Asks: 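Supplied in structure tokens, the structure appears directly below.
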4 protein chains.
Amino acid sequence: MNKYEKEIEVRGHLIDSSILTRIFDKVMDLKGDFTVKQFIIGKKKEDHSYARLLIRANSESHLSSILENLYREGATSISTDCVTCVEAPKDMVLPDDFYSTTNNATQIYFENTWINVERMMMDKCIVLDPVTKTAVCKTNREVKKGDLIVTGEKGIKIIPQERPREGVDIFQFMSSTSSSERPSQQIAKKVALDIVKTKQGSGKIILVAGPVVVHSGAAEIIAKMIRLGLVDGILSGNALAVHDIENALLGTSLGMHVNDGTLAIRGHRNHMVIVNEVFKFGSIKAMVESGRLKKGIMYECVKRNVPFVLCGSIRDDGPIPDVITDVVEAQMKYKSLLKDARLVIMLSTMLHSIAVGNMLPASVKVIAVDINQPVVTKLLDRGTTQAIGVVTDIGSFLPIVMKNIENLLSKG
Amino acid sequence: MNKYEKEIEVRGHLIDSSILTRIFDKVMDLKGDFTVKQFIIGKKKEDHSYARLLIRANSESHLSSILENLYREGATSISTDCVTCVEAPKDMVLPDDFYSTTNNATQIYFENTWINVERMMMDKCIVLDPVTKTAVCKTNREVKKGDLIVTGEKGIKIIPQERPREGVDIFQFMSSTSSSERPSQQIAKKVALDIVKTKQGSGKIILVAGPVVVHSGAAEIIAKMIRLGLVDGILSGNALAVHDIENALLGTSLGMHVNDGTLAIRGHRNHMVIVNEVFKFGSIKAMVESGRLKKGIMYECVKRNVPFVLCGSIRDDGPIPDVITDVVEAQMKYKSLLKDARLVIMLSTMLHSIAVGNMLPASVKVIAVDINQPVVTKLLDRGTTQAIGVVTDIGSFLPIVMKNIENLLSKG
Amino acid sequence: MNKYEKEIEVRGHLIDSSILTRIFDKVMDLKGDFTVKQFIIGKKKEDHSYARLLIRANSESHLSSILENLYREGATSISTDCVTCVEAPKDMVLPDDFYSTTNNATQIYFENTWINVERMMMDKCIVLDPVTKTAVCKTNREVKKGDLIVTGEKGIKIIPQERPREGVDIFQFMSSTSSSERPSQQIAKKVALDIVKTKQGSGKIILVAGPVVVHSGAAEIIAKMIRLGLVDGILSGNALAVHDIENALLGTSLGMHVNDGTLAIRGHRNHMVIVNEVFKFGSIKAMVESGRLKKGIMYECVKRNVPFVLCGSIRDDGPIPDVITDVVEAQMKYKSLLKDARLVIMLSTMLHSIAVGNMLPASVKVIAVDINQPVVTKLLDRGTTQAIGVVTDIGSFLPIVMKNIENLLSKG
Amino acid sequence: MNKYEKEIEVRGHLIDSSILTRIFDKVMDLKGDFTVKQFIIGKKKEDHSYARLLIRANSESHLSSILENLYREGATSISTDCVTCVEAPKDMVLPDDFYSTTNNATQIYFENTWINVERMMMDKCIVLDPVTKTAVCKTNREVKKGDLIVTGEKGIKIIPQERPREGVDIFQFMSSTSSSERPSQQIAKKVALDIVKTKQGSGKIILVAGPVVVHSGAAEIIAKMIRLGLVDGILSGNALAVHDIENALLGTSLGMHVNDGTLAIRGHRNHMVIVNEVFKFGSIKAMVESGRLKKGIMYECVKRNVPFVLCGSIRDDGPIPDVITDVVEAQMKYKSLLKDARLVIMLSTMLHSIAVGNMLPASVKVIAVDINQPVVTKLLDRGTTQAIGVVTDIGSFLPIVMKNIENLLSKG
């Protein structure tokens, strides 16, 4: 008998959410072998299934690498071991065998209980506090010398995201196909419905927005969403703020009149004039409070106390004082604002959207809108069933979304 | 003294429309040399300029190849020679030295007069009728044995398209930039304005439309444009007609309900069911006349006597009986419908749009709309200053165009 | 008890190839219900699984539409009924309830036997010959009055394509990811391996090639593949042939010298000169036999008796006499050449590649190469596990493939 | 007589480099008027032309805005005024009427001399040192209280970049067309030639490289370029370094074996393992010096003292200690390394490439390589005639470039 074998089990919508398919795939991709010891299929669509499998490998390390992959898909070993931890040898340095996280809900088994890991993100580590019996997902830069870091694969359970089935929102609507095959007016309607329903359920909505929002003429739509109380935070960079304030103060975006599309006289300076203007006041908030800035996305954020985080990038002009120029600090601020978000809407910004995607647990709904198909594909490719992509032109699409939101709100 | 030299002259907005720049470019690209003998610059913006240049080359053939290029940019030789012609040796076969056309307005010098060449298209030949003193641009397949084909480069004058300067339409608006840098709502407004103004001037408007029009939910917009008398012809293929009739009869497009985006039961059959249905009736016209087809793009065309040409392609399902399956015959029908068109609107179909682009003289205005930037770039790359591209999502964009058209029409 | 219910069964790699997941999906998408009556899971990776399910619906038509979908995924009803057929009422017209095919291997139950349907393609019909007890998949235009057309869904069994598992070829290599995430040199190696192995197994290889092949400088690579006996047929259009002959006779492609990338003197004429030249000789074959054409892709095809089919399109210049201008006739020639193909390689031509994709059974391997990601995505989206896409630049990629082929062949 | 008028003059290849066309365009775009007072055309291709124009406007501000635009195109006023300057009121704050720079070579007229402005970049300001009579282009964040900032438009002369005409390099080769219409092998040859010639002339070459370089299997090519002394600096971010070290230490890139394209066991951890490894050593340099890192791009940089700047971004994993997390500091380091660069090669990274594009004077040659056409278009759209784009697959293209470099070097 082969001694490099181990029994594992897995529960849930194994067929419907393709969990069992992925487990079989992994074993075969990794050249392992399996025998199904028991399989109880959910008799009806709402029932969970259960499977018990014997996994066989060629060596201890082979077995262990197969198992690690299966655990990441939601399988657990039959006999639950306690999680193992090793102290971080220095600040920001992990023990070699650290457990690298997925973005799925995760539990660790410690002192006979399953502990939920908080703030799940992909490709991070887990820090256990044995005193409070809590665990949290952290980046390596957040780790302090002596932190107890989860290592190996024992005592870790992943609860894979199940595919949403019932409901009328955009996620249900789009589940089996991409947006370019669906009528745009309908998609806009569903996106509006999802926004309104999320807010009616008091869910937190975060926008990740690029400067195209302003340039394509949709700044007023976003400003209105903020006034209507539909936005709980904005994550972006220097360009969105500068374009938005240029639009508010000078009526242009990169020197083009947004209301009629013509080029402004001396318009090439406008972008830098605005950067200089914010430096004069010292901050966007000061511009609003002094009465200098009276409308637009940034104005509404200040007025309604909607938090925003502007992160610096190497291509920034300026950047204005509100921009957090240190990216590690900006990441922490982003993560803090994303806490408990229910719906994240990404509007035409690949850089910030990918950053946000990496920070989100798989359970958060994501709507990614961009005119470029490969960008949308890339944003969706994060192993979640809760993300949908809309390939469209933001300047044409957002006004239709807003009109639908207004219809829904007026109906109450 | 170098004997491989010749004097040429050129008139027009030489600076403003970059004509002189292109002439200098050509001489240098082809390693020739030039001296400016005379240059009279237009003193004011509405004035034409005039240049007389001495071109020098290394050999007779070198000179002749440089000259041919300059003639294509609008230059003419100082001493006008009569055009030369050679009889076509067989049907569809041209003499070796045939003159290959540009898409600019062209004249040939015959019996002391400049004759306009009719139906200009790019990369074709010119057939002279010495009796009626008329000339027409033809494809090689249209040439009959004995036709007098223009050869060489003598006695041919090209009038290059000048850059439009004044006016408020979309062509003026977009002249210096691509659409992705302009606000979508404004572009839609300008496109609407251009459509309405063209019709008010009794200009002929032709739509070139792909099936995405139906799938994205915009079929009703096109149907309304036809009802409003804004469309003088439709050029498309099998898929547009089949999708449109599927939408009209079954409410679906490729099996998806267009009104709410859900998938129809047994919807995968719908496409083929429609093909079969048209075969049963024998033609779209018969379906309309029998009362079977009661709405949609094709219905409106039949009802309003708006001609359409459906061209076959190798990827067609069916194709339905209305489709012209021979592409050479279809090309002739396309060209016939395009005669005297003032404005051509291309909606999300690369195949038919490129075909149409090849058939148009440079003076026809073209608006190309597609969500894919490289497609738009390719469509615009036809050496004309009269074409503009809009990178947008048709399902979101066309409804806004229609709303603007209705506003304009209601204002009278 | 609900009387709108029926038992079905399904066998195969139900988990591994996601067949059961798709069946569950379909029932739920269509708002039906199911109970799993029996499920025998394959114990080992090479074992088939078996499932017996009771499907419940709200009405007879609801049940029937659910069942039809499940049958298309490979399920069969427990009690096998004989297939039903209705005579075609006219040439090219099908009975209303015709069965619309998938591209999977399909059998029909007739006189107590399962008959394989020949020449499977998607979205076509099945014609039964009750005398010879054979069945063949046909387009509606091939149907003759009186042909026995399979209708409804009874007595039809689909054998879904299973996911390939073992082996070292490109299909195995690429199974879980797209090419843009793989090293190009490795992909080229695997593609070479697959070509060589297919030929060593006497498999038929068909190339579908666009003119970019010539323009990007790779014509000689394709010519060499033909000389090496690696190509059994070429499917393309007018442009490939004209570019290739322009390259062979004048060293240019659309007027650009392919060997050094500079523009040829009078090069703008070259394309039309070649069209005229082929018309003079009457055919490509005549040009080869007369000694006028001495190298290139078309030359090698004629010399090696490798069949080619050039299909006309609305955007053709010319087209040359070898082009089949009627698209329905061209479709038949395409299908005929594709018969029994094992491997189809699509090189930078969306139009012809989509056409070919529609003609292929799911079991044929397809490699689609294009620089444009959305084109590759579209080509792959045909419900097969046997197609892979490579997003690359053909002019850089094909020479590397050829170098690998030569290495493999020299090793024997 | 209209008093809102002014005479300007302009010299250079006015026709050939389209300078006069752009000047006429600007006047008309801005609804001004002009009269050509004098025009002396260069008689031969190497001669400069000269134009003197009277510009008329509707108001003082209209005139001034037109003139500002013309000055940006290289025109100067007939009577040269001294440049005007105003002190910066605070650190990082400019006077309101600051002059916003172009990326062309620029001179200011101060105390009867034309002073060259150093370190030209687009959209910045000019700081004059009246003591040393030097001027330098600075970002607003570099400005200190009391710095003399150039304002208005007087006394500023721009020397527009002229179109390169003679020569055999890639810039000449590609001048009139985009790469997708040229044979890839030829483009690779020309790029190689340009690299080798630049180094033979002791020109500084900077690479801007994204992680795709490693993932596509081309890291060894870049490493070899460094070994051959062809690279004077690398500008990139966290991902390039992490991928490169993962490749060097573990043979994988994001968990995929780069040598054969298969997925590594436990490969998903590799990326984070490398981040942790660099943190353990404290820096890439320490890893090289300790013998832990023995090959790859980063290794060669350390070994050959080739400077690199890694800039942080919000989407970084880690980032590793070598990354400059403050983007303003990183911008300064980027600019410092770019000083006096002759050739900048951008490889598949939009973020860093756009940043670098903004930092370069128009006279620096730029080669931008990416598989995505819109990315290349965006990178080239910086108003320079010295930039060319290559749309290709880096993993296939770079090996061909290297082979050509080796051929050129072996020939001496």
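None of the values given here were measured: they were computed from a predicted structure. Sequence lines set the chain letters: A, B, ... in the order given, protein chains first and strands last, and positions in each chain run from 1.
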Asks: Taking every heavy-atom pair that is under 4.5 Å apart, which of D/Gly312, D/Pro321, D/Ser61, D/Gly318 has the most such pairs with chain A?
Replies: D/Gly318

Asks: So, do A/Leu310 and A/Ile324 sit near enough that their side-chain heavy atoms are less than 4.5 Å apart?
Replies: no

Asks: May I ask you to decide if A/Gly152's main-chain N or O and A/Asp97's side chain share a donor-acceptor pair within less than 3.5 Å?
Replies: yes

Asks: What is the distance from atom OG of D/Ser100 to atom CZ of D/Arg72, rounded to the nearest 0.5 Å?
Replies: 5.5 Å

Asks: Is D/Gln331 in contact with chain A via its backbone, its side chain, both, or neither, using a 4.5 Å heavy-atom distance?
Replies: both

Asks: Quick one: of D/Asn276, D/Val93, D/Leu351, D/Thr102, who has the most non-hydrogen atom pairs under 4.5 Å with chain A?
Replies: D/Asn276

Asks: May I ask you to name which of A/Val143, A/Ile314, A/Leu94 has the most heavy-atom pairs under 4.5 Å with chain D?
Replies: A/Ile314

Asks: Under 4.5 Å from any heavy atom of chain A, what part of D/Thr139 do you find: side chain, backbone, both or neither?
Replies: neither

Asks: Quick check for you: among D/Asp316, D/Asp91, D/Asn69, which has the greatest number of heavy-atom pairs under 4.5 Å with chain A?
Replies: D/Asp316

Asks: With chain D, which of A/Asp123, A/Val275, A/Val328 has the greatest number of heavy-atom pairs at distances under 4.5 Å?
Replies: A/Asp123

Asks: Quick one: which of D/His352, D/Lys124, D/His62, D/Met272 has the most heavy-atom pairs under 4.5 Å with chain A, could you say?
Replies: D/Met272

Asks: Give a yes or no on whether the backbone of D/His243 and the side-chain of D/Ser253 come within a donor-acceptor separation of less than 3.5 Å.
Replies: no

Asks: For D/Asn238, which atoms come within 4.5 Å of any heavy atom of chain A: side chain, backbone, both, or neither?
Replies: neither

Asks: Given heavy-atom pairs under 4.5 angstrom as the criterion, report whether the side chain, backbone, both or neither of D/Glu142 touches chain A.
Replies: neither

Asks: Can you tell me how far CD1 of D/Ile66 sits from NZ of D/Lys31, rounded to the nearest 0.5 angstrom?
Replies: 11.0 Å

Asks: Do other residues, nucleotides or ligands put more than 12 heavy atoms under 6.0 Å from the NZ atom of D/Lys280?
Replies: yes

Asks: So which part of D/Lys90 gets closer than 4.5 Å to some heavy atom of chain A, the side chain, the backbone, both or neither?
Replies: side chain

Asks: Among A/Leu30, A/Asn140, A/Asp317, who wins on heavy-atom pairs under 4.5 Å with chain D?
Replies: A/Asn140

Asks: Given heavy-atom pairs under 4.5 angstrom as the criterion, report whether the side chain, backbone, both or neither of A/His271 touches chain D.
Replies: neither

Asks: Which atoms of D/Ile320 come close to chain A, meaning under 4.5 Å heavy atom to heavy atom: side chain ones, backbone ones, both, or neither?
Replies: backbone

Asks: If you tally heavy-atom pairs under 4.5 Å against chain A, which of D/Val278, D/Val273, D/Val356 wins?
Replies: D/Val273

Asks: Is a salt bridge present between A/Glu277 and A/Arg292, judged by a nitrogen-to-oxygen distance below 4.0 Å?
Replies: yes

Asks: Between D/Arg269 and A/Phe98, is NZ or CZ placed under 6.0 angstrom from the six-membered ring centre and within 45° of the ring axis?
Replies: yes

Asks: Measuring from D/Ile149:CD1 to D/Cys125:SG, what's the distance to the nearest 0.5 Å?
Replies: 4.5 Å

Asks: Under the 3.5 angstrom rule, does the side chain of A/Ser336 hit a backbone N or O of A/Met332 as a donor-acceptor pair?
Replies: no

